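Structure first, then comments.
This structure is a prediction, so every number in the text was calculated from the model and none was measured. Computed from heavy atoms alone, side chains included, the values below leave out hydrogens, waters and symmetry copies. All ligand and atom numbering here is 1-based and tracks the order in the structure.
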Amino acid sequence: MAITFEPLHPTFVAECKGVDFSKVPLSDEDLQTIKDGIAKYGVLIFRKTGLDNERHIAFGRQLGPLDDVTPYNALGRKNRLAPHDELFDVSNLDENGNLAPATGTRAIFGKANALFHTDSSFNARRAGLSLLLAHEVPPNDVYGQIGNTEFADSRTAYADLPEETKEKIKDFVVDHTQLHSRRRGAPNEPLVWEDRFDPAKGPISKHTLVQTHERSGRPTMYVGAHCYRIEGLPLEEGQAIIDDLLKFSSQPKYVYSASWKQPGDLIMWDNTAVQHRAVQGPVDGKFRRDMRRVTVHDDSKLCRGLNGDDANWRVGLP
Ligand code: OGA
Ligand code: MN
């Protein structure tokens, strides 16, 4: 069966049909078709893949080296999905697989996921493709778009920026840290304001703001919630510019809201071309949402930004 792409938005996102995921590893030809599709669309939705943990990981490996989660994260939480250390647990479940309380540590740190972001931009080597697979989905007929994942088209938003903005931001270098997005995501939670979570004291990853997206050759801006400050500018001034860019790039015309219809649905996105966020709400603490992510390291020339060719550290909160 031929692989086809059905565009779901005027500028990005397509549903990809005709991939036989019972046959992973896929053929070189099918893989190349998918690579061409993700380069163009930035987000691909595959329905009812039937993938399990092993084939999910194997498919990811075909696309490049994977970011392996450590069995324990920085807060000492055991990865529920161990020994599959290639799977990021993006569920609302605790480490025993029970529904986590909506007020617990995991939920507090997880609130930042509701902000548009690019995965792992805070690590020495950033994420390229993310492959998120649904294992359990909340009933999306109860709360509408809550439980969806939304995407924002950074390439098109960049192209639409006023010329004077493009000129102003063209040489900016941005410091990324996950601690910043944790504070932005849950500003009323004392936990995130503890000194040990001060973004100014944690590891910083540096990336140019304006970049060429290598897979498509199109210019883009690499922005998201982990952007903490612009080098050479006072903190507040840099953050105001970042906030303006986040606001501009997440206007409804640049956003696509993807629903999860059933277990087995897979969404793949390119973190170097699009931003994404979870649409949170009453499902947390109420309905199980078990999503697992395979993360492929970026393999473009910009994968380590200005962090140095040997930089390999990674940080990780829940
Ligand atoms: C992720 C993520 C959003 C969601 O997996 O990186 O941000 O809707 N997920 O769960
Ligand atoms: Mn994410």
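The shell of residues lying under 4.0 angstrom from ligand 1, judged by heavy atoms, includes Arg289.
By the 4.5 Å heavy-atom criterion applied to side chains, Thr220 and Thr272 are not counted as neighbours. A heavy-atom distance below 4.5 Å is not found between the side chains of Tyr228 and Ile242.
Between Trp260 and ligand 1, no N or O atom pair is found at a separation short of 3.5 Å. Residue contacts with ligand 1: His117 is placed with a nitrogen or oxygen under 3.5 Å of a nitrogen or oxygen of the ligand (distance criterion only).
The single protein non-hydrogen atom nearest to atom 1 (C) of ligand 1 is Arg293 NH1, 3.5 Å, given as residue, atom name and distance.
In the vicinity of His276, heavy-atom distances shorter than 4.0 Å reach the ligand 1 atoms 1 (C), 2 (C), 6 (O), 7 (O). Listed by atom number, the atoms of ligand 1 under 4.0 Å from Asp119 heavy atoms are 6 (O). Here is the list of ligand 1 atoms found below 4.0 Å of a heavy atom in Asn113: 2 (C), 7 (O), 9 (N).
The aromatic rings of His207 and His176 sit perpendicular, their planes meeting at an angle over 60°, well past the 30° parallel limit. Aromatic ring pairs are classed by plane angle as parallel below 30°, tilted from 30° to 60° and perpendicular above 60°; the pair His276 and Trp269 is tilted.
Restricting Asp119 to its N, O or S atoms, the one at the least distance from the Mn ion (ligand 2) is OD1.
If you look at Trp269 next to ligand 1, the close heavy atoms, those under 4.0 Å, all belong to the side chain.
The NE2 atom of His276 and the NE2 atom of His117 meet at the Mn ion (ligand 2) at an angle of about 80°, given to 10°.
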